[in-house]
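Each remark here refers to the structure printed beneath this line.
For reference, positions follow the sequence shown, starting with 1.
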Amino acid sequence: MSDKKESKDVQQIRTYRNFGVIAHIDAGKTTFSERILYITGKSHKIGEVHEGAATMDYLEEERKRGITITSAATTCHWRNHRMSLIDTPGHVDFTAEVERSLRVLDGAVGVFCAVAGVQPQSETVWRQANRYKVPRVAFVNKMDRTGADFYKAVESMRTRLNANPVPLVMPIGKEKAFEGVIDLIKMRAFVWADDDAREMTEHDIPAELLDEAKRRREVMVEAVAECHDTVLEKFVEGEVVTDAEIMMAVRAGTLSLKITPVFCGSAFKDKGVQNVLDAIVDYLPSPLDVPAIEGFNPETDEKVARELMPDQPFAGLVFKTISDPNGDLTFIRIYTGVMNQGDKYYNARTRRFERIGRLVRMHAAQREPIDSASAGDIVAAVGIKDSITGDTLSTRENPVIYEAMNFPDTVISMAIEPKSGGDRDKLSEVIGKLVREDPTFKARTDEQTGQMVISGMGELHLEVKCNMIQNDYKIGVTVGRPKVAYKMTLKGPKQVEARHIKQSGGSGQFAVARVRFSIDETVETLNFVDAVKGGSVPREYIPAVETGIEAAIKGGGRIGFPYCKIVAELYDGQSHDVDSSAMAFEAAGVLAFRLAAENNSQLLEPIMKIEIEAPEEKTGDVIGDLSSRRGLVEEMISKPGGISAVTGKVPLAEMFQYSTTLRSLTQGRGTYSMEPATYEPVPPNIAEKVLADYAKG
């Protein structure tokens with residue numbers, strides 16, 4: 001490839017912006033996304049969430065509920081830059097959608113409510129963005145609402161998110177009188193018409209706000225100067241810092257995650273969105289600004305880190321799959337090289353090739369056919385059969401595997417069966433599709449009852465899946481009462497000797513494993529420690545002991561709840577020259593854990609972090625009800641408009657149908673959100689009842 005062509009490719013990639021919109025449920029993400037589509041000319045009519053007409057909420061379930069369930073991708077243009085936007089869900093039950101979107105995005109816009117500030121799910125998505133080192137800008141929405149307070153919302157970002165928010169604008173007016181913003185870099189006022197997001201006028205800062213604007217600009221310049229040595233030097237020496245230099249420092253600070261530029265407006269009233277679009281272009285990274293993604297060669301185990309360029313060997317990460325009557329869609333973020341329609345690409349996990357039937361660029365549910373896509377692109381492919389979320393596609397000559405995403409364990413399950421016996425195979429097929437689409441949705445067949453059991457992240461998650469099965473696939477189903485995903489752990493340390501010795505004529509089986517078991521809160525499932533000295537257990541059999549212990553832990557003993565937080569230290573054992581085998585030592589591993597767990601197990605239950613907002617006069621009732629559910633109140637804060645926010649922890653087992661109770665306690669004015677926090681021991685009297693119920697089946 002010639003330098004001239006390479007230079008043109010680089011210039012083009014510099015104009016790409018791949019970003020997501022992340023926030024707590026109801027902060028206004030989808031409304032904000034709809035305004036972006038309208039302002040950039042992608043949509044000619046604004047789709048309103050409350051009318052069930054949002055472009056980005058295209059599923060029937062989303063339109064009925066007025067919430068985002070699946071992340072929707074679209075492409076639009078602003079200031080000669082191509083923007084790939086992903087609108088993500090805000091409800092914790094659909095957190096996997098945020099996780100996989102952030103894994104492949106270069107930047108994000110965090111939307112916050114000007115009245116509520118940082119809310120529980122805002123914290124969750126912010127942590128996810130921190131984990132993937134995604135640069136962000138923030139938009140404080142709903143500035144026209146009663147109780148809106150821009151600076152209080154910014155302060156809540158500082159205290160609750162440990163972020164370093166730097167406001168680049170100052171609001172003009174507040175609540176119903178909110179009409180626009182002052183740009184603290186340009187020192188100009190921007191005011192929007194009440195009825196059209198595209199009608200914006202620029203003028204001088206009102207005289208009564210000029211002094212405050214100068215003061216806030218000084219604070220802003222001081223905060224961003226620390227992100228750029230040249231700007232800091234000029235600022236310290238009292239020299240004038242130009243607008244271009246401030247923007248350069250803001251960009252440097254955003255890309256290095258040192259600061260989060262903050263803007264404000266009212267997406268619903270069409271105010272403030274243009275400033276954020278400009279900020280996406282000016283401050284969020286292009287694919288070239290993101291460090292090379294590290295992977296490894298599956299054949300040599302060597303690290304692979306290639307420049308994100310079209311002239312590199314092809315590699316792309318599958319981050320989402322959707323079952324579709326017009327052909328299943330597989331979403332791919334292309335990191336290097338070029339993907340062509342009709343070509344074959346190698347999946348190192350399955351060791352198979354995938355042929356790209358068709359390539360499309362998505363606009364929510366609509367598809368725009370394309371012939372090829374290159375480094376920096378986010379596209380969908382039709383025709384891929386075996387690749388799932390987290391798989392890497394590459395070339396056979398230059399295979400690579402990128403790090404897959406981690407998803408939380410499911411916390412709730414329920415039995416499901418078809419109303420008609422003839423639909424059993426059809427239901428299994430549909431559930432298989434849903435499992436492939438959603439990594440936090442699981443299904444298994446209960447060995448004792450033969451029933452199909454589905455598991456997910458919450459009541460709403462499973463309810464949505466069941467509605468999709470009935471409405472989209474036209475299969476009538478009967479569902480059981482939701483059940484909590486309990487786990488077990490050991491009550492205390494235990495040292496065991498597991499002897500697996502069998503003689504039945506011919507070659508026998510001989511394995512002795514001596515293992516110390518203990519508990520470690522930081523261990524998710526099992527930490528196996530090889531402490532064998534002197535060869536008492538031959539090296540080739542040690543992995544077999546680990547495999548056996550792991551199988552016993554996951555199997556969960558007689559009740560079937562998997563164990564967690566286990567440390568197993570294999571310190572000694574015995575073997576036989578003829579009768580020992582990997583199979584015998586695996587059986588000894590299974591026996592070792594069974595001996596350790598006997599009369600030494602305790603039941604654990606998922607504990608949820610909860611935040612409830614309710615009228616102040618109803619707070620006592622809400623707290624009383626929470627206590628009756630074994631809940632623990634940690635904090636209570638007064639919010640504008642006579643609302644109290646109660647945060648605490650509560651066992652999931654006590655929270656089924658809670659929304660109905662909360663509505664009746666607060667005359668329909670209370671809201672709540674929950675997310676998994678930890679697993680803790682179940683009180684003995686309740687554990688006894690749970691185990692007895694499960695033993696009955």
Side-chain angles (χ1 to χ4, degrees), residues 13 16-20 70-73 75 84-86 88 96-108 128-129 131-134 285-299 303-310 312-322 328-340 343-356 359-362 370 372-396 398-407 436-440:
I13 294 172
Y16 293 174
R17 295 292 182 273
N18 298 320
F19 71 97
T70 183
S71 51
T75 306
S84 295
L85 179 163
I86 294 184
T88 65
E97 289 290 322
V98 187
E99 184 83 22
R100 57 186 172 187
S101 298
L102 286 172
R103 171 68 176 80
V104 298
L105 289 168
D106 303 326
Q128 288 171 307
R131 186 159 64 246
Y132 292 118
K133 297 183 170 57
V134 178
S286 77
L288 294 173
D289 296 315
V290 178
I293 307 296
E294 278 198 353
F296 70 93
N297 183 321
E299 289 167 13
K303 274 190 180 178
V304 176
R306 301 185 194 127
E307 287 300 306
L308 194 151
M309 291 295 294
Q312 294 285 316
F314 172 79
L317 185 73
V318 172
F319 68 96
K320 179 172 171 154
T321 56
I322 295 179
D328 290 0
L329 282 172
T330 303
F331 285 76
I332 302 161
R333 164 65 197 264
I334 300 173
Y335 284 109
T336 55
V338 177
M339 173 177 264
N340 296 305
D343 284 0
K344 288 194 295 186
Y345 298 96
Y346 182 64
N347 181 336
R349 180 186 65 85
T350 62
R351 300 184 176 219
R352 289 183 182 173
F353 284 94
E354 296 278 16
R355 184 182 289 281
I356 307 302
L359 266 183
V360 293
R361 192 162 277 132
M362 297 302 295
I370 54 175
S372 66
S374 63
D377 268 327
I378 292 177
V379 292
V382 181
I384 289 179
K385 298 278 193 293
D386 300 314
S387 297
I388 57 171
T389 297
D391 282 353
T392 307
L393 295 179
S394 56
T395 62
R396 185 68 188 87
N398 296 281
V400 64
I401 292 181
Y402 290 132
E403 183 190 354
M405 291 136 264
N406 292 316
F407 298 105
R436 186 166 173 259
E437 282 182 17
D438 183 349
T440 57

Nearest non-hydrogen partners of [X] and [Y], listed with the distance:
{"X": "Thr389", "Y": "Thr321", "result": "OG1-N, 4.2 Å"}
{"X": "Met339", "Y": "Tyr345", "result": "CA-OH, 3.3 Å"}
{"X": "Glu294", "Y": "Ala305", "result": "CG-CB, 4.0 Å"}
{"X": "Ala373", "Y": "Leu359", "result": "N-CD1, 4.0 Å"}
{"X": "Gly376", "Y": "Pro287", "result": "CA-CG, 3.8 Å"}
{"X": "Glu307", "Y": "Thr336", "result": "O-CG2, 3.3 Å"}

For side chain to side chain contact (heavy atoms under 4.5 Å, CB included), just list the numbers for Val304 and Tyr402, CA-CA rounded to whole Å, side-chain angles, deciding distance to a tenth of an Å, and then say yes or no. CA-CA 9 Å; Val304 176; Tyr402 290 132; 5.8 Å; no

Whether Glu354 side chain and Lys385 backbone form a donor-acceptor pair below 3.5 Å: yes

How long is the straight-line distance from [atom2] of [Y] back to [atom1] of [X], given to the nearest 0.5 Å?
{"X": "Ile86", "Y": "Asn18", "atom1": "CD1", "atom2": "CG", "value": "8.0 Å"}
{"X": "Asp391", "Y": "Ile332", "atom1": "CG", "atom2": "CD1", "value": "10.5 Å"}
{"X": "Asp106", "Y": "Tyr16", "atom1": "CG", "atom2": "OH", "value": "12.0 Å"}
{"X": "Ser84", "Y": "Leu105", "atom1": "OG", "atom2": "CG", "value": "8.5 Å"}
{"X": "Tyr132", "Y": "Glu99", "atom1": "OH", "atom2": "CD", "value": "3.5 Å"}
{"X": "Phe19", "Y": "Leu102", "atom1": "CZ", "atom2": "CG", "value": "13.0 Å"}

Test salt bridge (charged side-chain N to carboxylate O under 4.0 Å, His left out) on Arg103 and Glu403; report intermediate values, then the result. CA-CA 10 Å; Arg103 171 68 176 80; Glu403 183 190 354; 5.3 Å; no

Do Ser387 and Asn347 meet the criterion of a side-chain donor-acceptor pair at a distance under 3.5 Å?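 The answer is yes; a qualifying pair exists.
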
Should Arg396 and Glu299 be marked as a salt bridge (charged side-chain N to carboxylate O under 4.0 Å, His left out) after you check the CA-CA gap, both sets of side-chain angles, and the distance that decides it? CA-CA 11 Å; Arg396 185 68 188 87; Glu299 289 167 13; 2.6 Å; yes

Run the salt-bridge test on Asp386 and Arg349 with the 4.0 Å N-O cut-off and return the result as yes or no.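 A salt bridge is absent here (no side-chain N lies under 4.0 Å from a carboxylate O).
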
Apply side chain to side chain contact (heavy atoms under 4.5 Å, CB included) to residues Leu308 and Val290 and explain how you reach the verdict. CA-CA 9 Å; Leu308 194 151; Val290 178; 5.7 Å; no

Are any of the side-chain heavy atoms of Pro310 and Ile13 separated by less than 4.5 Å? yes

Tyr346: ring pair (Phe, Tyr, Trp, His ring centres under 6.0 Å) partners, not counting sequence neighbours: Phe353

Evaluation steps, side chain to side chain contact (heavy atoms under 4.5 Å, CB included), between Leu329 and Val360: CA-CA 9 Å; Leu329 282 172; Val360 293; 4.0 Å; yes

Please determine whether the number of non-hydrogen atoms from other residues, nucleotides or ligands lying under 6.0 Å from atom CZ of Arg352 exceeds 12. no

Given the rule in the side chain to side chain contact (heavy atoms under 4.5 Å, CB included) test, do Val318 and Leu393 qualify, once you have shown the distances and angles that lead to the verdict? CA-CA 7 Å; Val318 172; Leu393 295 179; 4.3 Å; yes

